[in-house]
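Single-structure report; data block below.
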Amino acid sequence: MLRNGSSRPLHWADKTMSVMRADLLEACEKDLAGLPSHCLFDSDCSDVDAESFYELSFFAEEDRRLSGGKQAPVLHTVEQLRTRVLHQYAQEAALLSVEEHDLLVRTVLFGGRTPLTDWNELLPARGLARRLWCRVEGQGGASVLVMPHQLCSSALLLLASDSHKKVRELVEQVHESIDNTLYLLGAVQAAAPVRHMESLLKDTFVAGRRDLFERFLRVGYDYVYDHSGKLLLIHPGLAEPERMMDYACAEMDPETLSSASDSVGDVESPLYEQMLSLLLDVTRPEIAPEDAVEDLILLAKQEAPYADMEEVLSSLLICQVTPDMRRALREISNRVPRWLTLGTSRVQ
């Protein structure tokens, strides 16, 4: 999802991954509340609704980008939009983000209706709505994702096909590679995973669908545009993407990625476990101890000053920061590898 605005003026306590994620989900919840109460494939949908559906869809954003912002005004019809969706339905289903695919599977298995029981499901639900596949409705104070019967039946057949399963296995490889790269570097130029997908999927039924490859990235990851207008994928904990634009990696070969991941894990795992043992049962009720430790490690990766990190730690607790916590925090601050250079710690 596009990261808008700069968080640089904010204090580090307002720039942790937990806070940024909560802000993102709140914005997503508002987006979902503003969507039409029916779906493109509902029987009561008419041409009067066509333009509103087009504008909320990925089509509108992608068409404008393809035309360089010089797209001639066009009136859309419901039938045209339905045809466009169905034409690429099988390919698009195979190239859903990981979270969207998980939610789609559950929705299909539940017969086309599934409650959104976790706040984190709002983002993939929004993605499926923007694909014009689903709608989100309120039900007794809870949100429910609804998929029209004809799409749900088709999805059931697609999910069971060998060709779909093959593509999903390869997509999962790409996802794991992107996740590892973002954790190691903080940001990566989107062109690299697009090339990775083109290579892996060249002999499948989704070959050549660069538009859907890029949609997979925009839905599945936080992103910004760099100074030259290129798409830059960023780690969800990266508070100041503008600092990374001149350092973003173009590509990382699998062997180097695996070796670097192992090295970082060797350094960070004992630091994580040490701090986690100290935070069990003392974080604020709305904050999981695991999330608190992750927030602190990510701050260290961004070279947040130790004094700010201690202030963030204090804000996460229901008690005073103890001397043992301070020592553990100092270890995190000194030893966690930084994002900007992928150098290891300043103090070993």
Side-chain angles (χ1 to χ4, degrees), residues 1-34 96-103 115-130 136 142-143 145 175-176 178-188 190 216-225 231-244 268 272 275-276 279 283-304 308-309 311-318 332 336 339:
M1 189 169 178
L2 178 63
R3 180 85 66 80
N4 287 312
S6 173
S7 63
R8 179 167 287 191
L10 301 177
H11 191 278
W12 278 107
D14 299 313
K15 296 190 291 188
T16 64
M17 186 168 73
S18 295
V19 170
M20 291 190 294
R21 181 73 173 178
D23 290 343
L24 176 64
L25 293 176
E26 185 176 351
C28 183
E29 186 176 38
K30 291 178 181 177
D31 283 350
L32 289 174
L96 294 174
S97 73
V98 173
E99 292 79 9
E100 283 178 310
H101 194 267
D102 289 345
L103 186 56
L116 302 176
T117 56
D118 189 315
W119 222 29
N120 290 310
E121 292 172 346
L122 296 179
L123 286 171
R126 180 180 181 271
L128 294 176
R130 291 195 67 195
V136 177
S143 295
L145 185 69
H175 173 68
E176 182 178 359
I178 294 172
D179 263 6
N180 288 340
T181 301
L182 290 178
Y183 189 77
L184 286 169
L185 301 177
V188 65
F216 164 81
L217 298 178
R218 286 188 174 89
V219 175
Y221 308 92
D222 286 10
Y223 67 92
V224 294
Y225 292 97
L231 188 67
L232 192 69
L233 306 183
I234 60 174
H235 190 282
L238 177 59
E240 300 174 357
E242 57 272 21
R243 291 177 57 199
M244 301 291 288
E268 291 185 2
Y272 177 93
M275 181 61 84
L276 180 62
L279 299 190
T283 56
R284 298 206 318 260
E286 70 274 17
I287 298 172
E290 295 82 359
D291 292 341
V293 180
E294 186 175 21
D295 282 345
L296 295 170
I297 288 176
L298 292 174
L299 292 184
K301 287 184 176 295
Q302 298 171 80
E303 302 215 335
D308 289 342
M309 291 180 63
E311 187 174 340
V312 170
L313 173 59
S314 179
S315 73
L316 299 171
L317 305 178
I318 58 174
I332 288 174
V336 164
W339 269 339

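In this chain, residues are counted from 1 in sequence order.
For the pair Y225/L232, no side-chain contact is recorded, criterion being any heavy-atom separation below 4.5 Å from C-beta on. No side-chain heavy atom of M244 sits less than 4.5 Å from a side-chain heavy atom of I234. Put simply, the side chain of I178 reaches to within 4.5 Å of the side chain of L217, judged on heavy atoms. Within the 4.5 Å cutoff, the side chain of L103 has heavy atoms near those of the L128 side chain. Side-chain atoms of D222 and H235, non-hydrogen and from C-beta on, never get closer than 4.5 Å to each other. Put simply, the side chain of L279 reaches to within 4.5 Å of the side chain of L317, judged on heavy atoms. Between K15 and Q302 there is no side-chain heavy-atom pair separated by less than 4.5 Å.
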Check: residues 16-25 side-chain donor-acceptor pairs under 3.5 Å, at least two apart:
from: T16; atom 1: OG1; to: V19; atom 2: N; distance (Å): 3.3
from: S18; atom 1: OG; to: D295; atom 2: OD1; distance (Å): 3.3
from: S18; atom 1: OG; to: D295; atom 2: OD2; distance (Å): 2.7
from: R21; atom 1: NE; to: N120; atom 2: OD1; distance (Å): 3.4
from: R21; atom 1: NH2; to: N120; atom 2: OD1; distance (Å): 3.4

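Not counting sequence neighbours, the partners of E311 by the side chain to side chain donor-acceptor pair (under 3.5 Å) test are H11. Taking the salt bridge (Lys or Arg N to Asp or Glu O under 4.0 Å) definition, one finds that E29 meets it with nothing, sequence neighbours left out. Taking the side-chain contact (heavy atoms from CB on, under 4.5 Å) definition, one finds that A129 meets it with L35, sequence neighbours left out. With sequence neighbours excluded, the residues forming a side chain to side chain donor-acceptor pair (under 3.5 Å) with H101 are H164, listed by chain and number. Not counting sequence neighbours, E294 has no partner by the salt bridge (Lys or Arg N to Asp or Glu O under 4.0 Å) test. With sequence neighbours excluded, the residues that form a side chain to side chain donor-acceptor pair (under 3.5 Å) with D31 are R126. For Y272, there are no side chain to side chain donor-acceptor pair (under 3.5 Å) partners two or more places apart in sequence or in a different chain.
Proximity of a side-chain donor or acceptor of W339 to a complementary backbone N or O of A187 within less than 3.5 Å is not detected. At least one donor-acceptor pair under 3.5 Å links the side chain of R3 to the backbone N or O of L238. Checking side-chain atoms of E99 against main-chain N and O of A125 turns up no donor-acceptor pair under 3.5 Å.
Of all heavy-atom pairs spanning L145 and V136, the tightest one is CD1-CG2, 3.8 Å. Annotation for S97 and G220: closest pair CB-CA, 3.8 Å, computed over non-hydrogen atoms. Nearest heavy atoms, E121 versus L116: OE1-CA, 3.2 Å. Between A239 and W12, the shortest heavy-atom contact is CB-CZ3, 4.0 Å. Contact between A292 and T283 at its shortest, heavy atoms only, is CB-CG2, 4.1 Å.
Atom SG in C28 sits 5.0 Å away from atom CG in L122 (nearest 0.5 Å). Here the OH atom belonging to Y221 is positioned 8.0 Å from the CG atom belonging to L233, to the nearest 0.5 angstrom. Annotation: the span from L296 atom CG to K301 atom NZ amounts to 13.0 Å, rounded to 0.5 Å.
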side-chain contact (heavy atoms from CB on, under 4.5 Å) between L313 and M309, intermediate numbers included: CA-CA 6 Å; L313 173 59; M309 291 180 63; over 6 Å; no

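The number of heavy-atom neighbours closer than 6.0 Å to CD of E176, taken from other residues, nucleotides and ligands shown, is 12 or below.
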